[in-house]
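Quick notes on the structure that follows.
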Amino acid sequence: MDLGISGKRALVTASSKGLGRGCAEALAEAGVDLVLNARGEEALSATAQAIRDAHGVEVTVLAADIVSEEGRAAVLEAAGQVDILVTNAGGPPPGVWSDWSRDDFIAALEANMLTPIALMQAMLPGMMEKGWGRVVNITSQSVKAPIPALGLSNSARAGLTGFVAGTSRQVAQHGVTINNLLPGAHDTDRIDALDRAAANTQGTSLEDVRAAKFKTIPVRRYGTAAEFGRTCAFLCSQHAGYIVGQNILADGGGINATL
Ligand code: NAP
């Protein structure tokens with residue numbers, strides 16, 4: 001399917017690896033020029049080169065912490081106005097509700113609520129003026145069903161979801177759509193680290209930890225960054241212009257809910 005977005009420009013934050021990279025690759029496959037960001041320069045440059053080689057699109061990189069005000073300003077300056085914005089950042093650490101301090105909550109809000117909001121506030125006016133724009137926020141399945149150890153994520157992402165619910169309905173008349181894409185378990189460095197930690201704690205093997213988790217997912221496997229990325233690219237396509245303010249689960253059926 002031709003997504004109808006060849007020649008457009010996208011900013012994908014936190015995109016040298018994992019789900020952000022998956023989104024960047026799928027947009028490049030659709031002919032979209034990219035601005036990519038991550039903190040580590042080496043992986044970011046390698047990803048950018050791999051995407052240029054594979055898809056022949058223009059890729060600009062800016063190594064910076066997207067959660068810091070200075071980092072974000074540098075990324076926005078490098079990007080200029082874009083047609084497509086995919087927001088992403090690292091998730092907060094796991095823990096126990098009684099241990100989290102005000103500072104822990106502020107850090108989670110900065111990363112997973114206030115950063116994507118700031119990015120949208122920077123890009124939406126230009127998109128509205130042009131009469132076309134697409135925003136996809138990478139959030140989490142924890143928006144639909146809380147993950148007990150990830151209370152910081154549950155809280156911060158709920159705030160972002162509320163902002164998107166209201167704002168998406170205000171900008172849609174200008175040809176701009178905002179949606180959230182909610183990953184369930186996907187095979188990335190993050191889940192690998194979590195599984196290894198679980199294997200250590202439980203004194204079992206990585207394979208056993210994974211096998212137990214696969215049993216809880218109807219498709220019996222983790223998702224891939226490539227399929228997640230292509231779902232994101234579809235939400236950024238011409239064809240998705242009537243999808244507004246939605247929270248799309250990509251979780252292999254893991255959340256057991258009717259709606
Ligand atoms: P990942 O494989 O660890 O990749 C994270 C990417 O983001 C890397 O490129 C990393 O590069 C970059 N990054 C992290 N913090 C950054 C920052 N402050 N500024 C700029 N770049 C940053 O993670 P992932 O699995 O793709 O997860 C992406 C998001 O989806 C996270 O918020 C995660 O909580 C959420 N999520 C993931 C899953 C899953 O199963 N994978 C499930 C639910 C939700 P640098 O480290 O070099 O900056």
Side-chain angles (χ1 to χ4, degrees), residues 11-26 34-48 50-51 61-76 78-79 86-94 107-116 118-119 136-147 149-157 160-161 180-198 209-210 213-214 216-217 219 221-229 231-232 247-252 254-255:
L11 167 60
V12 187
T13 64
S15 52
S16 65
K17 299 177 189 166
L19 303 179
R21 177 176 175 157
C23 296
E25 285 183 351
L34 298 170
V35 182
L36 302 185
N37 150 260
R39 290 163 303 181
E41 192 138 28
E42 204 177 319
L44 182 62
S45 299
T47 293
I51 291 178
V61 295
L62 204 290
D65 182 348
I66 198 65
V67 177
S68 77
E69 203 144 349
E70 319 77 66
R72 203 160 48 242
V75 171
L76 286 169
V86 179
T87 76
N88 185 32
L109 291 171
E110 288 280 4
N112 299 116
M113 177 184 170
L114 299 176
T115 290
L119 291 166
V136 174
N137 300 295
I138 300 179
T139 65
S140 173
Q141 65 180 0
S142 68
V143 168
K144 294 267 187 186
I147 300 171
L150 292 180
L152 292 171
S153 169
N154 301 338
S155 308
R157 296 191 199 276
L160 173 62
T161 305
N180 302 319
L181 191 48
L182 284 50
H186 280 74
D187 201 359
T188 66
D189 286 0
R190 175 172 165 88
I191 207 140
D192 196 54
L194 291 171
D195 286 351
R196 281 174 199 283
V209 168
R210 291 198 156 194
K213 282 173 92 175
F214 290 173
T216 68
I217 304 170
V219 302
R221 65 172 175 85
Y222 286 157
T224 68
E227 58 197 353
F228 185 88
T231 309
C232 173
N247 292 282
I248 314 279
L249 262 178
D251 72 339
I255 300 292

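Counting starts at 1 for both ligands and their atoms, in listed order. Just so it is clear, the structure is predicted and the values come from calculations on it, not from any experiment. Numbering of residues begins at 1 and proceeds along the displayed sequence.
The distance from ligand 1 to the heavy atoms of Ala185 drops below 4.0 Å at these ligand atoms: 40 (O). Atoms of ligand 1 lying under 4.0 Å from any heavy atom of Thr139, numbered from 1 in the order shown and given with element: 35 (C), 44 (C). Each of the atoms 2 (O), 3 (O), 23 (O), 25 (O), 33 (C), 34 (O) of ligand 1 lies under 4.0 Å from some heavy atom of Arg190. Near Gly91, the atoms of ligand 1 lying under 4.0 angstrom from a non-hydrogen atom of the residue are 31 (C), 32 (O), 34 (O). When each atom of ligand 1 is checked for a heavy atom of Asp65 under 4.0 Å away, the hits are 17 (C), 18 (N), 19 (N). Of all atoms in ligand 1, numbered sequentially from 1 with element shown, those under 4.0 Å from a heavy atom of Asp189 are 2 (O). Shown in contact with Val67 at under 4.0 Å from a heavy atom are these atoms of ligand 1, numbered in order with element: 18 (N). Set against the non-hydrogen atoms of Ser16, the atoms of ligand 1 under 4.0 Å away are 8 (C), 9 (O), 11 (O).
At under 3.5 Å, a nitrogen or oxygen of Gly40, whether backbone or side chain, sits near a nitrogen or oxygen of ligand 1. Residue Ser140 places no N or O, backbone or side chain, under 3.5 Å from any N or O of ligand 1. The N/O atoms of Leu19, backbone and side chain alike, include one that comes under 3.5 Å of an N/O atom in ligand 1. For ligand 1, none of its N or O atoms has an N or O atom of Gln141 under 3.5 Å away.
Ligand 1 has at least one atom lying under 4.0 Å from a heavy atom of Gly184. Contact analysis puts Pro183 in contact with ligand 1, with a non-hydrogen atom separation below 4.0 angstrom. The closest approach between a heavy atom of Arg157 and any atom of ligand 1 is below 4.0 Å. Residue contact annotation: Leu182 has no non-hydrogen atom under 4.0 Å from ligand 1.
Each of Thr139, Thr87, Asn137 was evaluated against Asn180; a single residue qualifies, Asn137, per the side chain to side chain donor-acceptor pair (under 3.5 Å) test.
From Asn247, atom CG reaches atom NZ of Lys144 across 5.5 Å, with rounding to the nearest 0.5 Å. Interatomic distance, CD1 of Ile217 versus CZ of Arg210, reported as 10.0 Å (0.5 Å rounding). Rounding to the nearest 0.5 angstrom, the gap separating the OG1 atom in Thr115 from the CE atom in Met113 is 11.0 Å. How far CG of Leu150 is from CG of Leu194: 7.5 Å, rounded to the nearest 0.5 Å. A distance of 5.0 Å separates CD1 of Ile51 from CD of Glu25, quoted to the nearest 0.5 Å.
The proximity of Ala64 to ligand 1, defined as any non-hydrogen pair under 4.0 Å, is limited to the backbone. With a 4.0 Å heavy-atom cut-off, ligand 1 is reached by the side chain of Ile191 but not by its N, CA, C or O. Contacts of Asn88 with ligand 1, taken as heavy-atom pairs under 4.0 Å, involve the side chain alone.
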### Task
I would like to know whether Cys23 and Ile138 meet side-chain contact (heavy atoms from CB on, under 4.5 Å); could you show each step before the answer?
CA-CA 10 Å; Cys23 296; Ile138 300 179; 4.0 Å; yes
### Message
Is there a side-chain contact (heavy atoms from CB on, under 4.5 Å) between Leu76 and Leu119? Walk through the geometry before answering.
### Response
CA-CA 8 Å; Leu76 286 169; Leu119 291 166; 3.9 Å; yes
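Distance alone, capped at 3.5 Å, places no donor-acceptor pair between the Asp251 side chain and the Pro183 backbone.
Gln141 is listed as a side-chain neighbour of Leu249, based on a closest heavy-atom distance under 4.5 Å. Taking 4.5 Å as the limit, every side-chain heavy atom of Ser68 sits out of range of all side-chain heavy atoms of Arg39.
Under the 4.0 Å distance rule, the nearest protein heavy atom to atom 28 (C) of ligand 1 falls inside the cut-off.
The protein heavy atom nearest to atom 6 (C) of ligand 1 is Ala14 O, 3.7 Å. Looking at atom 24 (P) of ligand 1, its nearest protein heavy atom turns out to be Thr188 OG1, 3.7 Å. Scanning all protein heavy atoms for the shortest distance to atom 19 (N) of ligand 1 gives Ile66 N, 3.0 Å. In this structure, atom 40 (O) of ligand 1 lies nearest to the protein heavy atom His186 N, 2.7 Å. The protein atom (non-hydrogen) at minimum distance from atom 5 (C) of ligand 1 is Lys17 O, 4.6 Å. Among protein heavy atoms, atom 46 (O) of ligand 1 sits closest to Arg39 NH2, 2.9 Å. Nearest protein heavy-atom neighbour of atom 32 (O) of ligand 1: Ala89 O, 2.6 Å.
Between Pro92 and Arg157 the shortest heavy-atom distance is CD-NH2, 4.2 Å. Nearest heavy atom pair, residue Ala48 against residue Leu36, reads CA-CD1, 4.3 Å. In this structure, Ala185 and Ile191 approach most closely via the heavy-atom pair CB-CD1, 3.5 Å. Shortest non-hydrogen contact noted between Phe228 and Leu182 is CE1-C, 4.5 Å.
Under the rule for a salt bridge (charged side-chain N to carboxylate O under 4.0 Å, His left out), the partners of Glu227 that lie at least two apart in sequence or sit in another chain are Arg221.
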